[in-house]
2 protein chains.
Amino acid sequence: MLGTMSDELAASLLSQMMSISGQISGRMREGLDRLGLTEPTANLLWLLRPDVDPLPLRKLAALLHCDPSNITLLSAQLEQRGLAERRPHPRDGRVRTLVLTPAGQDVRQRLIDAVARHSPLAGLTLDEQHQLDRLLTKAIDAL
Amino acid sequence: MLGTMSDELAASLLSQMMSISGQISGRMREGLDRLGLTEPTANLLWLLRPDVDPLPLRKLAALLHCDPSNITLLSAQLEQRGLAERRPHPRDGRVRTLVLTPAGQDVRQRLIDAVARHSPLAGLTLDEQHQLDRLLTKAIDAL
DNA sequence: TCGAATACTTGACTTTCTCAAGGAAAAGAT
DNA sequence: ATCTTTTCCTTGAGAAAGTCAAGTATTCGA
């Protein structure tokens with residue numbers, strides 16, 4: 001049946017995605033000690049893009065699929081290390097946003113570089129990487 | 001510079017992979033309560049392929065990047081729910097392998113189906129899914 | 001202005017995970 | 001064959017991360 005075939009393909013893709021992302025976070029772990037981070041804090045750091053408007057803590061909790069109180073804990077850790085700051089939202093006094101400090105931007109970039117260099121995706125040719133980029137972009141935009 | 005361009009591409013791919021796998025595990029969480037599982041046990045269940053020789057606990061720990069004692073805990077939970085069994089390795093008395101019961105195979109398949117249906121990758125055409133499959137396969141094989 | 005909703009924090013608690021130590025089986029050396 | 005070494009799993013103690021319920025402050029809407 002057609003349904004079965006595409007189900008198998010979907011399951012195979014799923015398994016591959018999980019395997020690769022597992023490899024990536026495994027690779028990430030190796031560098032964390034050196035940067036003085038744990039995996040949960042690194043996952044939060046990952047979301048703090050310097051080129052985008054800072055996100056409210058609540059939004060970060062949604063992106064990480066966890067309770068807001070957990071973000072309170074993790075961002076306090078980043079703050080204590082001088083990597084990020086909680087700033088009040090300019091328009092809404094209830095909201096706090098999390099912003100990287102220069103030191104935080106540096107650590108984040110070093111983390112990304114270290115992982116990207118050893119990622120399984122680095123084994124693909126440049127052309128293949130562009131194909132992959134196109135496919136993933138479409139998948140994400142479809143959300 | 002050329003190096004910069006490919007670094008940016010690699011970082012972009014990385015970010016996309018993390019985003020999609022985040023979506024996937026988010027989707028997974030939604031079904032877990034209904035199946036009586038937690039996320040860590042589901043991640044273990046994921047690795048227990050019925051069509052492949054059962055893996056030693058140590059191997060499972062390596063795949064999940066965690067301590068073997070943690071696998072002891074998680075597999076005990078699966079065992080208690082009747083989803084898996086720890087069996088002595090036929091040739092090596094030190095080793096224990098983890099094998100799904102029929103009930104465990106059923107739960108695992110339902111988990112995979114539920115996630116695959118709502119995965120971001122399901123939005124791609126069948127042709128695109130094949131392209132993606134080819135690229136990911138190559139990336140994984142390069143390990 | 002007053003009630004309802006939203007955002008973050010705090011505290012108590014559970015679950016997950018790691019580390020150090022220990023026992024059992026296999027492998028290697030003598 | 002015996003003894004040492006290594007490998008694998010388990011146990012127990014403890015740290016870290018996560019959830020939940022309650023509390024405070026701010027904003028929104030009637």
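In what follows, every chain begins at residue 1, and chains take the letters A, B, ... in the order their sequences are listed.
Formation of a donor-acceptor pair under 3.5 Å by the B/S75 side chain with backbone atoms of B/I71 is found in this model. Between the side chain of B/H130 and the backbone N or O of B/L126 there is at least one donor-acceptor pair closer than 3.5 Å.
The salt bridge (Lys or Arg N to Asp or Glu O under 4.0 Å) search around A/R94 returns A/D92, not counting sequence neighbours. Annotation: salt bridge (Lys or Arg N to Asp or Glu O under 4.0 Å) contacts of B/R27 (sequence neighbours excluded): B/E30.
Secondary structure note: stems in DNA chain D built from 3 or more consecutive Watson-Crick or G-U wobble pairs under 3.5 Å occupy C:1-30 with D:1-30.
The list of salt bridge (charged side-chain N to carboxylate O under 4.0 Å, His left out) pairs with a residue in residues 36-46 of chain B, not counting sequence neighbours, reads B/R29-B/E39. The stretch residues 54-68 of chain B participates, sequence neighbours left out, in no salt bridge (charged side-chain N to carboxylate O under 4.0 Å, His left out) pair at all. Sorted by first and then second residue, the salt bridge (charged side-chain N to carboxylate O under 4.0 Å, His left out) pairs with a member in residues 97-116 of chain B read B/D106-B/R110; sequence neighbours excluded. Applying the salt bridge (charged side-chain N to carboxylate O under 4.0 Å, His left out) definition to pairs two or more places apart or across chains, those involving residues 40-57 of chain B are B/R49-B/D51.
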Query raised in the report: Step by step, would you call A/T38 with A/T41 a side-chain hydrogen bond (donor to acceptor under 3.5 Å, both in side chains)?
Result: CA-CA 5 Å; A/T38 67; A/T41 52; 3.1 Å; yes
Name the atoms and distances for all side-chain donor-acceptor pairs under 3.5 Å in residues 135-143 of chain A, with sequence neighbours left out.
| unit_1 | atom_1 | unit_2 | atom_2 | d |
| --- | --- | --- | --- | --- |
| A/T137 | OG1 | A/D133 | O | 2.7 |
| A/T137 | OG1 | B/Q16 | NE2 | 2.7 |
| A/K138 | NZ | B/E128 | OE1 | 2.8 |
| A/K138 | NZ | B/E128 | OE2 | 3.1 |

Distance-only donor-acceptor pairs under 3.5 Å for side chains of residues 80-88 of chain A, two or more places apart:
| unit_1 | atom_1 | unit_2 | atom_2 | d |
| --- | --- | --- | --- | --- |
| A/R81 | NE | A/G36 | O | 3.1 |
| A/R81 | NH1 | A/G36 | O | 3.4 |
| A/R81 | NH2 | A/G36 | O | 3.4 |
| A/E85 | OE1 | A/R87 | NE | 3.2 |
| A/E85 | OE1 | A/R87 | NH2 | 3.4 |
| A/R86 | NE | A/E79 | OE1 | 3.1 |
| A/R86 | NH2 | A/E79 | OE1 | 2.7 |

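Taking the 5' to 3' direction, DNA chain C first and last meets chain A under 4.0 angstrom from a heavy atom at C/dT6 to C/dT18.
Contact check of residues 42-50 of chain B against DNA chain C (heavy atom, cut-off under 4.0 Å) returns no residues at all.
Closest approach of B/L45 to B/G104, counting heavy atoms only: CD1-O, 4.4 Å.
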Requested in this report: Could you encode protein contacts along nucleotides 7-24 of chain D as a string, one character per nucleotide from 5' to 3', using B for base contact, S for sugar-phosphate-only contact and - for no contact, with a heavy-atom cut-off of under 4.0 Å?
Outcome: BSSBB-----SBBB----
